[in-house]
Amino acid sequence: MVPEGAIHYLSHHTTRVLMKYNPSEIEKKWQNFWDETASFEPKDEKSLPKKYVLSMFPYPSGRIHMGHVRNYAIGDAIARYWRKRGHNVLHPIGWDAFGMPAENAAIKNRVHPKKWTYENIAYMRKELAALGLSFSKEREFATCDPLYTKYEQGFFVDMWNRGLIYRKKGYLNWCPHDKTVLANEQVIEGKCWRCDTPIVQKEMYQYYIKITDYADELLEDLKKLESGWPSQVVAMQRNWIGKSVGLEFSFLLDDESKKRCEIDSFKVFTTRPDTICGVSYAAVAPEHPLVDSLLEKGLLDEDAKKSIEKMRAMPVRERNMAEKEGVSLGIYAIHPITKERVPVWVANFVLMEYGSGAVMAVPAHDSRDYDFAKKYGLPIKPVIFPKNGELPEGEAFTEDGVVRGCDGFDGLFGQEARDAIIKWFEENRLGKKVVNFRLKDWGVSRQRYWGAPIPMVHCQKCGVVPEKKENLPVTLPEDVEITGEGNPLEHHPTWRECSCPKCGSEAKRETDTLDTFVQSSWYFLRFTTPRKLWEDVAFDKDECRYWMPVDQYIGGIEHAILHLLYARFFTKVLRDLGYVEIDEPFKRLLTQGMVLKDGAKMSKSKGNVVDPDALVQKYGADTARLFILFAAPPTQELEWNDSAVEGAYRFLRKVYDRAMKVEPCDTLPKIDHSSLQKSEKEARRKVYEALEKGEEVYGERFTFNTLIAAVMEAFNALDKQQNEKVWQEGVWILLNLLEPIVPHISWELSERLFKRNNFGSLEVCEEVFEVESVPMAVSINGKPRAQIEVSPDATKEEILDIARAAVPKWLEGKSIVKEIVVPGRLVNLVVK
RNA sequence: GCGGACGUGGUGGAAUUGGUAGACACGCCAGACUUAGGAUCUGGUGCCGCAAGGUGUGGAGGUUCAAGUCCUCUCGUCCGCACCA
């Protein structure tokens, strides 16, 4: 050990060698530097090329977990890369701060949700800071900030005024004991998660946003996202929207049936109008009005009533598991083409929520209808036949085929038959082409405290009226007690009291709050605008025009549908309201894989959680970031491995030790490549290969694991030679490449060695790829047999001469049938 | 059932346009240094074989001079939707 004072007497060079990699010191130093110099704030220079890099903002649950580390390490790497390439980079962070966990904590620990949330934010902000993430601190906000709520409520009012929001009765999970509405996730096996009381379905007024008005555009614009989004996510959204095109027509009841139930007809929807002549019965959902009517009039016998009760009692979600069941209603409909009488049944497989809640049943060509017909002995009448071959036996033929036995349409196939039949219905005014979506309108009411209040007022005279914009935000009262019973807003002594924005008379505030997905549907727009304008606007139009769309969005696959669909929807609505000018908010999307330990998702209950704080404390943020980006490509699941973390640390220590032996310099050294030895040339080549890899990885592929591997290879190659200039050049470039991944150590070393002049765009030096000889493989009949070295400009004949000479053993007694030369790769000789 | 992804050493993973499979790392083995090592350094490491060689990317076929990569079938794992008419 050298006494501290002694260092002054040693040379500069020796001093550096004596220093050891000390991540906690280095990391603190640079985090302070970045903080003090506000290094990562976007510039107000709209002439610069921009990149908006966004990792999905976190919910302030209390502590960060490895999923966060991965999410932000990926985003930070991309942001830092573009910043170094001279782009104006927006890389913000905020907090998705409303939601149930805050209320649950309030119930459990008697702490106010607001206090709990802001304290969590403060703690997690520190945790994220310790990772050295290059966030814009100036633009940070929480969605529960009243200033954010203000504009969200403003949008709600705009949408209401535009007719995009309506109120409708909907069924909600209701716990009769706690007197509260429960989210689906809070219902466990039909019981309340807190008190175990069986939940009931309660019908209540709810606010809905008409996302279905945008269903077609949301589907259509997925095409614009195909190049930048994972195909999986695009497919999931397409699926979720669930567009189907078909025929809607009305079944008229026969005269006697009309009289009995006082209903003339009911609508059905089918995607297979070509099968219409195979209809042998019609089926309606247990909740269908036709059934109500018959029940009211007492026209069904006891058995039928009982079966219908039973069907209705089963939750819709469970019905698909149950066996097909049904009852004949004793009434008949007239087939629109054949004019035959077809019996009307009620069936448990028909859903009231989809289409019109009634179907035409074609047992010969629909497997559900088939099962049902078999069970109840209903006729099965094939009208579609395969082009070649026979109808299958014992099952429905559901593929496209040729129509036979349907007057006027015989001989038509598949789509042409469907089109012709739809045309016939339209001409005869009996039905029309209809598009149906699986997507439902978005119910945004939540009967909870910790959310953005819905800015509506109930007036005795005027009805439901939006609050005046100048009165926004409608803020939450703070003097509430959260007990878990009911909605605290309803029970507050004064909060509800207000005057009607329209007529001024006494009125009451709406007590529902907004779904938290509303907040996350526009937070990325808020980030585009500097804080100084936040009092005045939700977001500035010019700023928005410059920064949007988000160039790279990064987050978990669990948001593939809801969040990403709502955010796309909101963007389109805000466009139509004149706030933004883009159609799609996220140009490119990266869905990161989960972090696993022992093959399972990390969770407290499994006890397999690795705490990021502990990891950072032991090895430093750079090691944590390096491991997480090296262990797997970002889209794949990542299996935690303690010894691989050690390996990452070991690599950084090696980098530090080796770099510290390099003589400092201010510019990239000039090297006469031709005068170098083989190992030196090899080292340069590896370094520049890594540089090329870097552009591909940061710009396009995000497979950081392969870039890190290339950097490791380059370091290994540098280690095999002693040329100081080659070392300088190598470290200059490799630190530039590593900076987005392991920023602290890179800034520390680059500052010491190069005054950080190596942080910029680097040019690839082409001459290092010029070689005197290229290695090639010689294979015989496709099997590699020998290695040869040939000159890079050797002709095909010269290469073949060398190749043949290298494998005499394999040519003995054989004749060459074919010779293939792939320059720079291999020679394949086909022998017999 | 529909839609999507995936399957490569003991492990995580490379191989981007079909062109020397297993880069890089973890682990393991051997050696060096050491009072010691769960530190560090050097070398080795797909499998079978002393070797020559054989064999090998879930399985079976096929296309090709050449297949992890393309095609057909099949098995398995994971994810999303689901009596959606």
Side-chain angles (χ1 to χ4, degrees), chain A residues 230-244 246-248 268-272 275 283 285 316-317 319-324 347-351 353-362 365-369 371-372 398 436-439 557-558 560-561 591 593-594 626-627 630-633 635-648 650-651 653-654 657 693 696-697 700-701 703 705-716 775-787 809 817-831:
Chain A
S231 59
Q232 193 196 170
V233 177
V234 173
M236 280 162 78
Q237 292 218 350
R238 186 167 284 136
N239 222 309
W240 186 262
I241 297 168
K243 179 178 180 170
S244 55
L247 169 70
E248 185 187 82
V268 295
F269 172 72
T270 179
T271 54
R272 291 295 305 275
T275 66
V316 176
R317 282 160 186 243
R319 289 189 198 171
N320 64 341
M321 322 272 248
E323 202 190 322
K324 303 229 172 339
N348 66 342
F349 68 88
V350 183
L351 306 174
E353 301 93 87
Y354 189 77
S356 53
V359 296
M360 64 176 215
V362 187
H365 305 297
D366 181 285
S367 50
R368 293 157 305 182
D369 300 346
D371 293 346
F372 193 84
T398 57
N436 249 308
F437 292 97
R438 205 196 73 97
L439 183 70
I557 186 80
E558 66 272 20
I561 297 173
T591 48
M594 274 194 302
L626 179 66
F627 166 74
F630 182 51
T635 53
Q636 261 177 54
E637 288 181 337
L638 183 151
E639 174 69 31
W640 195 264
N641 180 336
D642 286 326
S643 51
V645 176
E646 291 270 358
R650 212 150 47 212
F651 171 70
R653 206 172 49 208
K654 268 191 228 170
D657 291 345
K693 193 92 194 160
E696 181 193 318
V697 167
E700 200 57 38
R701 297 203 338 137
T703 48
N705 53 329
T706 62
L707 172 62
I708 295 163
V711 170
M712 287 174 169
E713 276 189 75
F715 265 109
N716 292 343
M776 285 177 74
V778 182
S779 54
I780 305 293
N781 295 340
K783 289 205 164 92
R785 296 298 180 191
Q787 278 288 327
K809 181 178 155 191
V817 187
K818 199 165 183 179
E819 297 168 328
I820 284 114
V821 177
V822 184
R825 295 280 182 183
L826 56 73
V827 175
N828 190 23
L829 303 175
V830 184
V831 302

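Labels below follow one simple rule: chain letters A, B, ... track the order of the sequence lines, proteins then strands, and each chain is numbered from 1.
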>> If I pick the C1' atom on B/G59 and the same atom on B/A67, what distance separates them, to the nearest angstrom?
In response: 16 Å

> Who are the ring-ring contact (aromatic ring centres under 6.0 Å, His included) partners of A/F630, not counting sequence neighbours?
Replying inline: none

> Starting at CD of A/E637 and ending at C1' of B/C78, how long is that distance when rounded to a whole Å?
Replying inline: 7 Å

> If you draw the axis of the six-membered ring of A/F372, does the NZ or CZ of A/K324 fall within 45° of it and under 6.0 Å from the ring centre?
Replying inline: no

> Say you pick atom P in B/U45 and the same atom in B/A52; how far apart are they, in whole Å?
Replying inline: 13 Å

>> How many whole angstroms separate atom CD of A/E696 from atom C1' of B/A14?
In response: 13 Å

>> What's A/Q636 touching, base or sugar-phosphate or nothing? Going by heavy atoms closer than 4.0 Å.
In response: sugar-phosphate

> Can you find a donor-acceptor pair, distance only, under 3.5 Å between A/E639 side chain and B/U11 base?
Replying inline: no

> Where each pair must be Watson-Crick or G-U wobble with both distances under 3.5 Å, what dot-bracket representation of RNA chain B is obtained, with crossing pairs in [ ] and other-strand partners as |?
Replying inline: (((((((..(((......[....)))((((((.......))))))(((....)))..(((((..]....))))))))))))....

>> By the 4.0 Å heavy-atom rule, please label A/P230 as base, sugar-phosphate, or nothing.
In response: nothing

> When rounded to the nearest Å, what value does the distance between C1' atoms of B/C47 and B/G22 take?
Replying inline: 13 Å

Which side-chain N or O atoms in residues 230-238 of chain A pair as donor and acceptor under 3.5 Å with protein atoms at least two apart or in another chain?
| unit_1 | atom_1 | unit_2 | atom_2 | d |
| --- | --- | --- | --- | --- |
| A/Q237 | OE1 | A/R568 | NH1 | 2.8 |
| A/Q237 | NE2 | A/A560 | O | 2.9 |
| A/R238 | NH2 | A/E226 | OE2 | 3.2 |

> Taking only N and O in the side chain of A/R653, is any of them less than 4.0 Å away from OP1 or OP2 of B/U40?
Replying inline: yes

>> Going by the glycosidic torsion and a 90 degree boundary from 0, is the base of B/G9 oriented syn or anti?
In response: syn

>> I'd like the P distance from B/C28 over to B/C33, given in whole Å.
In response: 22 Å

> In the 5'-to-3' direction, what one-character label does each nucleotide of nucleotides 23-30 of chain B receive under the scheme B = base within less than 4.0 Å of a protein heavy atom, S = sugar-phosphate only, - = no such atom?
Replying inline: BBSSS---

>> When the P atoms of B/U11 and B/U64 are compared, how many Å lie between them, rounded to an integer?
In response: 36 Å

> Taking the same atom, C1', in B/U57 and in B/U8, what whole-Å distance lies between them?
Replying inline: 4 Å

> Could you walk me through whether A/N436 and A/S244 pass the side chain to side chain donor-acceptor pair (under 3.5 Å) check?
Replying inline: CA-CA 5 Å; A/N436 249 308; A/S244 55; 5.6 Å; no

>> Walk along nucleotides 51-68 of chain B from 5' to 3' and tag each nucleotide B, S or - by protein heavy-atom contact under 4.0 Å, base first, then sugar-phosphate.
In response: -SSSS---------BS--

>> Could you report the tightest heavy-atom contact between A/R272 and A/H365, atom names first, then the distance?
In response: NH1-O, 4.5 Å

>> Using the P atom as the point on both nucleotides, what is the distance between B/G38 and B/G31, in whole Å?
In response: 15 Å

>> Base contacts versus sugar-phosphate-only contacts with protein, heavy atoms under 4.0 Å: please encode nucleotides 79-85 of chain B as B, S and - from 5' to 3'.
In response: -BSSBBB

> Considering only the C1' atoms, how many Å lie between B/A66 and B/U20, rounded to the nearest integer?
Replying inline: 11 Å

